[in-house]
Amino acid sequence: MPLMPQFDLCPYCLEPLEGGAPPVCPHCGKNLRNRNPEGALPLGAQLGGRYTVGDYLSADGDGLSYRGVENAARRFVLIKEYFPVTLCNGRSPEGALMPKEGREVLFKTSRMDFKDLYDDLRGLTPATGLSQILDVLEENNTVYAVEESEKGMTLTHYLSLRSRNLTPAEARTLLQPVMEGVTLLHKAGLIHRGICPDNILLPIDGSARLTGYGTLALRTGGSELKSQLYPGYAAPEQYSAAEFSGRYTDVYALAAVTYRLVTGQVPVAAPQRKVRDSLESAHSLESGVPTYFSQVLSCALRLDPARRMQTVPELMSALTDPNVANAMFERGDNQISTKKILGASLVVIFVLVLLLFWSLAGRVGGGEKAPAPTAAPTPAAAGGESPAPSPAGDVSIIPDLVGQDYDSEIKGSDLYQLYRIVMTEEPSSTVEKGRVISQEPMAGTLQTQQSPIIQIKVSSGPMLVKMPDIIGFTQDNASRLLDAEGIQYRMMPMENDGSYAAGCVAYCELDGKTLKKGEELDAGTDVITVYIAGARDATTPVPPEALAQDAQE
């Protein structure tokens, strides 16, 4: 029988309806007549006796997407219907999909791929950083995937509201849950292949989540389906069905999203880069991006998958810790793992020792007394002696100064006789005041020059600032004031029951607690959430602390 609308609940206000399919909801007044395009499921269609189809949203090579309602739970969901336009001849009057003549086998195999993907995702979610797949059902000669529906905005929309780029610390904080989710996907043998700001959601009441799941054929150029790739974020291997994608494909996309967050620019699309690679480093576009951070992004955005950073945990570690990043680079254009650096260093030291003993043996054979060999330097322990350069061929090995106290262990010690140490201070919330945060060159580097320069950054302690009074400020004015104070923040929309001025700051939170003016923040690590009130035509519970805040002040 033909698909007929049958409303148990209003797809807009979730209130029960009587009479099957009234023209207008008696509760919210919304029009319930079908406005979905021809070929799509009609508004009010029932799936599996459990879901009501709502408004049509979009289409891609895999299928059609709709808003929907889970009837029993009375909650909104997203419904994706497998409907490959390149393989289908439309829908029968009963609603069943009809594959094109001669494409039946391919239709069935790709439908199986779609179902397998969402079955795997359903077993994997809920999980940190991943939008949850609630159900997978087969009906109408096709497959439907039901996904949670979260109130919030896409990362694309969020970035359009900001007046400045994110700092590296803000970018890491925002993307951390997404990277953890992608790591979980990879452990399960799944590759996303569609990571981009459009597919990252920022829910009102939670951390960032990745959505936009799709089959391999959807995310590969030249496949039988109409492909959907995201220029600037899609890795070069995705543009050809003859090349293989892997975990490194998602590494490329995550690095591209990070690049966009800290520079404000989308990376040059991969096909264009293959003709002429004009991708600028993040540091050259935004001087506030540290060199190590920029180098990590460049490594993760390499066109050749074999030379690219391979895993998401590697990317997370390198973006977080400059020491880890430095261990990956011996030269700016080569990626070297920690084990490789260690092995190479040992080989070089071994060769130097051989040369030293060969030289000593020659002197002894010629009647000269051999000088006593001097041990290679080791990092100075607290209160111990400072390391000294090796005498072999005027080669010195840079000591490890990270973590040492500048005043008591470095300043005024023998290190100033052996090296030229250049110190700069930098706020840090993780390193004790006065101790070395990082150094360049990194420890273990071989130097042939006399009195080599070592640049060190020393912690000046946390950068504490006081929370300014921004309640009631417009979004732009609040951003300017927070930027001036150096406070890290993210703007989140919230529904407005009429208690707040639309487009203005309703309240601020840190770690789930409402912030008041004058409270101290660590500008290096604390990222506050600023809630911006929406239009006054919606209702939502408002935290009592926020309602009482103006009266208290």
Side-chain angles (χ1 to χ4, degrees), residues 167-169 283 287-296 317-332 336 338 341-342 344-346 348-349 352-353 356 372-464 486 522-525:
T167 66
H283 180 73
S287 60
V289 177
T291 302
Y292 86 89
F293 196 95
S294 180
Q295 288 178 332
V296 170
S317 298
L319 290 176
T320 304
D321 189 342
N323 293 320
V324 173
N326 289 335
M328 291 183 177
F329 299 98
E330 188 172 55
R331 294 189 299 273
I336 300 180
T338 306
I341 288 179
L342 215 54
S345 299
L346 290 174
V348 171
I349 293 172
L352 288 173
V353 170
L356 176 61
T374 304
T378 57
E385 295 182 358
S386 300
S390 165
D394 291 328
V395 173
S396 63
I397 301 178
I398 298 298
D400 187 0
L401 304 181
V402 174
Q404 294 193 37
D405 185 271
Y406 178 71
D407 288 329
S408 64
E409 297 179 79
I410 299 176
K411 189 176 180 181
S413 69
D414 292 342
L415 289 168
Y416 270 83
Q417 305 295 326
L418 305 172
Y419 306 98
R420 286 178 288 169
I421 296 179
V422 179
M423 186 275 284
T424 56
E425 285 192 318
E426 182 176 288
S428 174
S429 305
T430 57
V431 179
E432 183 183 339
K433 182 178 180 180
R435 293 195 175 273
V436 178
I437 302 171
S438 63
Q439 68 179 73
E440 192 173 328
M442 60 179 289
T445 302
L446 301 177
Q447 294 282 343
T448 56
Q449 67 185 85
Q450 291 185 347
S451 299
I453 296 175
I454 304 179
Q455 295 179 327
I456 61 173
K457 290 183 179 179
V458 174
S459 171
S460 59
M463 182 164 48
L464 299 177
D522 185 343
T525 58

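For this chain, numbers begin at 1 and follow the sequence in order. Quantities reported herein were computed from a predicted structural model and do not represent experimental measurements.
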Could you grab the distance from atom NZ of Lys433 to atom OG of Ser428, nearest 0.5 Å is fine? 12.5 Å
Which residues satisfy the side-chain hydrogen bond (donor to acceptor under 3.5 Å, both in side chains) test with Ser408, sequence neighbours excluded? Asp405
Rounded distance [0.5 Å steps], OH in Tyr292 versus CG in Asp321: 7.5 Å
Residues in side chain to side chain contact (heavy atoms under 4.5 Å, CB included) with Glu432, at least two apart? Arg435
When rounded to the nearest 0.5 angstrom, what distance separates CD1 in Ile454 from CD in Glu440? 11.0 Å
To check you understand the geometry: which heavy-atom pair defines the closest contact between Ser294 and Val289, and what is its length? N-CG1, 4.1 Å
Close side-chain approach of Pro168 and Pro290, heavy atoms under 4.5 Å: yes
For the side chain of Gln439 and the backbone of Pro441, is there at least one donor-acceptor N/O pair under 3.5 Å apart? yes
Nearest-0.5 Å distance, CD1 of residue Ile410 to CG of residue Leu401: 4.5 Å
Rounded to the nearest 0.5 Å, how far does OG1 of Thr424 lie from CD1 of Ile456? 8.0 Å
